[in-house]
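First the proteins, then the strands, lettered A, B, ... as listed; each starts at 1. The basis for the numbers below is simple: all heavy atoms, side chains too, and nothing from hydrogens, waters or symmetry mates.
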Protein chains: 4
Amino acid sequence: MNRRGFASDNNSGVHPNIIEAISKANQGHVTGYGDDVYTQKAIEHFKSAFGPKTEVFFVFNGTGANVLAISTLLRSFQSVICASTAHIMVDECGAPEKFSGSKLIPVETPDGKLRPELILPHLHGFGFEHHAQPGMISISQVSEMGTLYSVNEIKQLADLAHQHGMFLHMDGARIANAAVALNLPFADFTKDAGVDVLSFGGTKNGMMMGEAVLIFNNELAENAKYLRKQSAQLFSKMRFVSAQFLAYFENDLWKQNAQHSNNMAKILAEKVSALGVKITQKVEANGVFAIIDDGVRDKLQKEYFFYPWDENKHEVRWMTAFDTTHNDIEGFCKTLEQLLNE
Amino acid sequence: MNRRGFASDNNSGVHPNIIEAISKANQGHVTGYGDDVYTQKAIEHFKSAFGPKTEVFFVFNGTGANVLAISTLLRSFQSVICASTAHIMVDECGAPEKFSGSKLIPVETPDGKLRPELILPHLHGFGFEHHAQPGMISISQVSEMGTLYSVNEIKQLADLAHQHGMFLHMDGARIANAAVALNLPFADFTKDAGVDVLSFGGTKNGMMMGEAVLIFNNELAENAKYLRKQSAQLFSKMRFVSAQFLAYFENDLWKQNAQHSNNMAKILAEKVSALGVKITQKVEANGVFAIIDDGVRDKLQKEYFFYPWDENKHEVRWMTAFDTTHNDIEGFCKTLEQLLNE
Amino acid sequence: MNRRGFASDNNSGVHPNIIEAISKANQGHVTGYGDDVYTQKAIEHFKSAFGPKTEVFFVFNGTGANVLAISTLLRSFQSVICASTAHIMVDECGAPEKFSGSKLIPVETPDGKLRPELILPHLHGFGFEHHAQPGMISISQVSEMGTLYSVNEIKQLADLAHQHGMFLHMDGARIANAAVALNLPFADFTKDAGVDVLSFGGTKNGMMMGEAVLIFNNELAENAKYLRKQSAQLFSKMRFVSAQFLAYFENDLWKQNAQHSNNMAKILAEKVSALGVKITQKVEANGVFAIIDDGVRDKLQKEYFFYPWDENKHEVRWMTAFDTTHNDIEGFCKTLEQLLNE
Amino acid sequence: MNRRGFASDNNSGVHPNIIEAISKANQGHVTGYGDDVYTQKAIEHFKSAFGPKTEVFFVFNGTGANVLAISTLLRSFQSVICASTAHIMVDECGAPEKFSGSKLIPVETPDGKLRPELILPHLHGFGFEHHAQPGMISISQVSEMGTLYSVNEIKQLADLAHQHGMFLHMDGARIANAAVALNLPFADFTKDAGVDVLSFGGTKNGMMMGEAVLIFNNELAENAKYLRKQSAQLFSKMRFVSAQFLAYFENDLWKQNAQHSNNMAKILAEKVSALGVKITQKVEANGVFAIIDDGVRDKLQKEYFFYPWDENKHEVRWMTAFDTTHNDIEGFCKTLEQLLNE
């Protein structure tokens, strides 16, 4: 039995319901590449949640989703403005630039969240051919620093993008955690707030793998199926992703998982705060950012795997997951307390 | 229950042992992206089969494997010589060109198999900067037309490649079918025959998804891990591919599956031949190519899904799979017989 | 003084009028990158020749022109059908694939010319995402084998392309030679025959450098200026290309040059035929393709530089240029005659 | 006669000696693509200045040079660290990302100059496949803000790069201006200071067009000729660039031009300072950055074309060129004075 740590929500396994759904979908032959009833139903679910003009493209992983979103909506001479901490900027080994040809423009933020005033200095050179043309604002909801955009903040960014003929992309690798934190239906803070294209993640919240690219205006989507194939993100036995999504939505499994994960983060933050540890970012979803002494960190990592975030600031990141238990937190905090008292 | 047809070996489901292995791997947390014991063991298995200098990179699908193989070994100004029927040429929507920048040079063949004399006319312009530099010969084993390369044929192609400073790539989407047809260990007709890089497929032979890129000379592999990530083929919960491979190799499950599939193809070919249907290619693995009247074809497709191969020639393709049954073939042939007699 | 040979029309120098025009344009400062009167006038000239909806983009060279034409009109998942001898296929080191991501599909031809019946077998898979989508037919006028498309032949190809939602591209590296051979205005066998985008060459007919990409429907051209910059084909001191085009069109200099070059090819062909040399292609412009013994070829090359075309067939290529003289041909034929008689 | 302004050094024309050299090179036929005596001599000149291991590749323009430098030395998963004002970052419409696939990481600087302490925070993630691997530091000498790196500053950056297995690239679009400002031979502040690859510019200092990519370690250069062709930067009539370089170096024409240009900038800066205009950057080469009132700027631009630099700060950029005259500066300052007094 592998110990649960706080390194990443994708170090967790798969929710049993999801495993069961995979197993149940394993019946006979169905046409490959998405022309099957599981996929049709899963797409129907997304369309009913986001509106009939929504086009849905399942892919393998988050990088694949982001790359497909960017390359479908932009041409190579257009640029993407994102936070300097964005997954597309620092965690995808240059996949967006490589596949779409587009320039990424990183913007420093205090908390992983873009704001109009941070973006405005980069909105120039429109029509000037020497300049990569600003074509997209990309935000992560939840952000990579565990913080949350309000509906109103998203609307402001969408307005800013649209005023300049640009698109708003949301990297929703942790969108379920955002939905429960905001206590809103998905559409309210995505499509209805002006998001044009959404990378809808499932892997970090209890699925085995599988993400969906949602393009809310179907007129923008006509190239997506070709680009998905050309980017090697078309799954031959697609039913096994689609069946996961069906189980994920059944009885709001996604919501239970995300709610639990968020709750665990809150508890973890309270407990470590009580030990005198400084929390550096608002705990709005399932990430806790904290300052601890390097010596303590090194010893703690021997027991529980997690990542440093900003070594210069002695900042670390602890992520909770759908399967984090109270016992996990107890054990972690106890070890931490001992180390702090040494 | 979905009826099994003869459209494609990836219309099949997943072998129950594989599903079980996925389920069993779902224990607690492990580090993501391959730093887990399942992946370590699966890599060990490949290394013991192919030698310690072999580097192993798991990816999601066959297109991902081929793209990684090409882009790791070639630079953008180098070209790949392949059969005009090769998967990389006609079934990947231009993924190799897009991701590696390399030119593909298709060569007409009678049976999907390259031969030195077909390749030689394309081996010119070395050192001449106007010309994309021939850098790789890519063959599919089993070929897309169901035919098989002998060890000797592979050696000849490897020698030809190496004499010109080129690499030999094998697209092994159906490599298990080849191994049982040749009745040889994998290494004998790959690494030991001079293949430099192998896309080792599992999906078409009973796995859910997952392929491995095997680079036999580790000195050529140093860029592969970055290119895998940049091509969006790095699986966060990698244990769920690795565990499949472990089950795939346990008790030679791969061999049982492939042997069964090949046997079914032979039986199918015999039975349709007995009905007077002309078979157009040697049935050496799990594909049967045949000529049937368009009217018969259209009616037969209503009962059993399969693909036309060359409409001008009235040629169709029937693929068997690990789960094809005698009953499936009986039913199919009965329907075909009725249609032929109408 | 460098001896004039028959290797290539771009081994020639620059027509004196062009040099003079460059010199005259060298007056004071003008805005860079095309916002100058020379460029405006040159663009006006093209618009008056091809119609007001024509958009004009000057680039450095023929490869740059072809790459811009393809990447402006196609997306990466679309393919280009071309002759297997096309410059874009064999003489640009994979530049089209690298920059546009598009697949090139080479078609064997007897004489460098595509025909509908040769293209039709490749027009399939529309809407099928596994397949690079046929997006463009590309022809070279004059072809790389010195042959000419008639207006009617071009119209047939344009119709074929447009019936399938594809574009027709013409690589006009030797378009002036075609215009004088056909004795038609440029527009008659390009825009008016259905060509959508034209690489209009000048370098091979007496200019120093400089080509123009002409997009006949300005609605297709909006991305071109950005792609020109992104492909490093935007000339800062653009007036020095534009002034060349102005001189090229003044008093039909282009026509004199091309007419002379074509005439020289005819004379050369007659004279070598009279020596018993077999001519392998129609001499319709400024290229002569012939069979000569390898030994003769080797000795002749020591005196006059030229290229073998197809070594297996002992075929060579001789190109005339705007500055080829009767004396050049006399000398060449004399040497050839001596070698043949040895 | 076009009035000379202060917009850009590439709004100037061509030095008469360069035009004459072009004209003189126009004699008979020579082999295309660089196999000619002009090119051989020009390459020899570079080799004698930079050492025999230097490989030289002529290209059309600065963007082409930078793209070739990056794509020759890096693979697509490697990143380039540059100033946020760098030409490769803001003035090439994303050409580096598009052609090389590499990520660019912009760093804010006060004066266009990178320093080790600004770079260090970005030097992490080596060996971590999620991260684009830092592969190159790119500096502009003269910087885009008219400032100069000392030899020692360059050495520090080279050491930093090499300690991390990275390369140092110098964008030398204005390298002649740097050489005269430093009063040093080219090699002293490039190759001998640790620069690995240099984009050696000529266009901004009196040439018509043409840049050279210099790779100082020939072992790194083997792919460059193919990448030059694949990036459409190989000039068929290359003698006409090579002859320019020969004239550029003859009797130190480059030095006269650059010295004059730098002197003019100093005079301009003194004169506008005397009018009370605030200069914002050190005037170390041929650029003057200044603050002027928007109203004054708008009126001044009607007489003399120039670019705003930072509109928020009311900052403008004035560039002098090899052909700027004392009269030009007199007239400009007179007009400015009148506008300031209005």
Show every donor-acceptor pair shorter than 3.5 Å between a side-chain atom in residues 328-336 of chain B and any protein atom, with sequence neighbours excluded, or say none if there are none.
unit_1  : atom_1 : unit_2  : atom_2 : d
D328(B) : OD1    : R4(B)   : NH2    : 3.4
D328(B) : OD1    : T325(B) : OG1    : 3.1
D328(B) : OD2    : R4(B)   : NE     : 2.6
D328(B) : OD2    : T325(B) : N      : 2.8
D328(B) : OD2    : T325(B) : OG1    : 3.1
E330(B) : OE2    : K271(B) : NZ     : 3.4
T335(B) : OG1    : G331(B) : O      : 2.9

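- Contact of A321(A) with chain B is made through the side chain alone, with heavy-atom distances under 4.5 Å.
- Taken to the nearest 0.5 Å, the CG atom of N61(A) stands 7.5 Å off from the CD atom of Q233(B).
- Both the backbone and the side chain of V14(A) come within less than 4.5 Å of a heavy atom in chain B.
- The candidate with the highest count of non-hydrogen atom pairs below 4.5 Å against chain A, out of K204(B), E92(B), E20(B), is E92(B).
- Every salt bridge (charged side-chain N to carboxylate O under 4.0 Å, His left out) that E97(B) has, sequence neighbours left out, goes to K103(C).
- Heavy atoms of F99(A) lying under 4.5 Å from chain B belong to its backbone as well as its side chain.
- Ranking D323(B), V59(B), N66(B) against chain A, the residue ahead of the rest is D323(B), based on heavy-atom pairs under 4.5 Å.
- Between Y226(A) and C93(B), the shortest heavy-atom distance links the atoms O-SG, 3.8 Å.
- If you measure heavy-atom distances from M207(A) to chain B, the contacts under 4.5 Å come from the backbone alone.
- Smallest separation of non-hydrogen atoms from N11(B) and G32(A): OD1-N, 3.0 Å.
- Considering only heavy atoms from C-beta on, N26(A) stays 4.5 Å or farther from M208(B) through its side chain.
- For chain B, no part of D36(A) is nearby; none of its heavy atoms comes within less than 4.5 Å.
- Of the atoms belonging to L234(A), it is backbone heavy atoms, and not side-chain ones, that fall under 4.5 Å from chain B.
- Although no hydrogens or angles enter the test, the distance criterion places a donor-acceptor pair under 3.5 Å between the side chain of K229(A) and the main chain of D91(B).
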Might you work through the side chain to side chain contact (heavy atoms under 4.5 Å, CB included) test for F235(B) and M209(A), ending with a clear yes or no? CA-CA 8 Å; F235(B) 188 5; M209(A) 93 285 195; 3.3 Å; yes
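- Among G64(A), G62(A), P16(A), G5(A), the residue with the largest count of heavy-atom pairs under 4.5 Å with chain B is G5(A).
- Side chain of K237(A) to backbone of N10(B): no donor-acceptor contact under 3.5 angstrom is found.
- Taken from CZ in F305(A) to CG in D35(B), the straight-line distance is 7.0 Å, to the nearest 0.5 Å.
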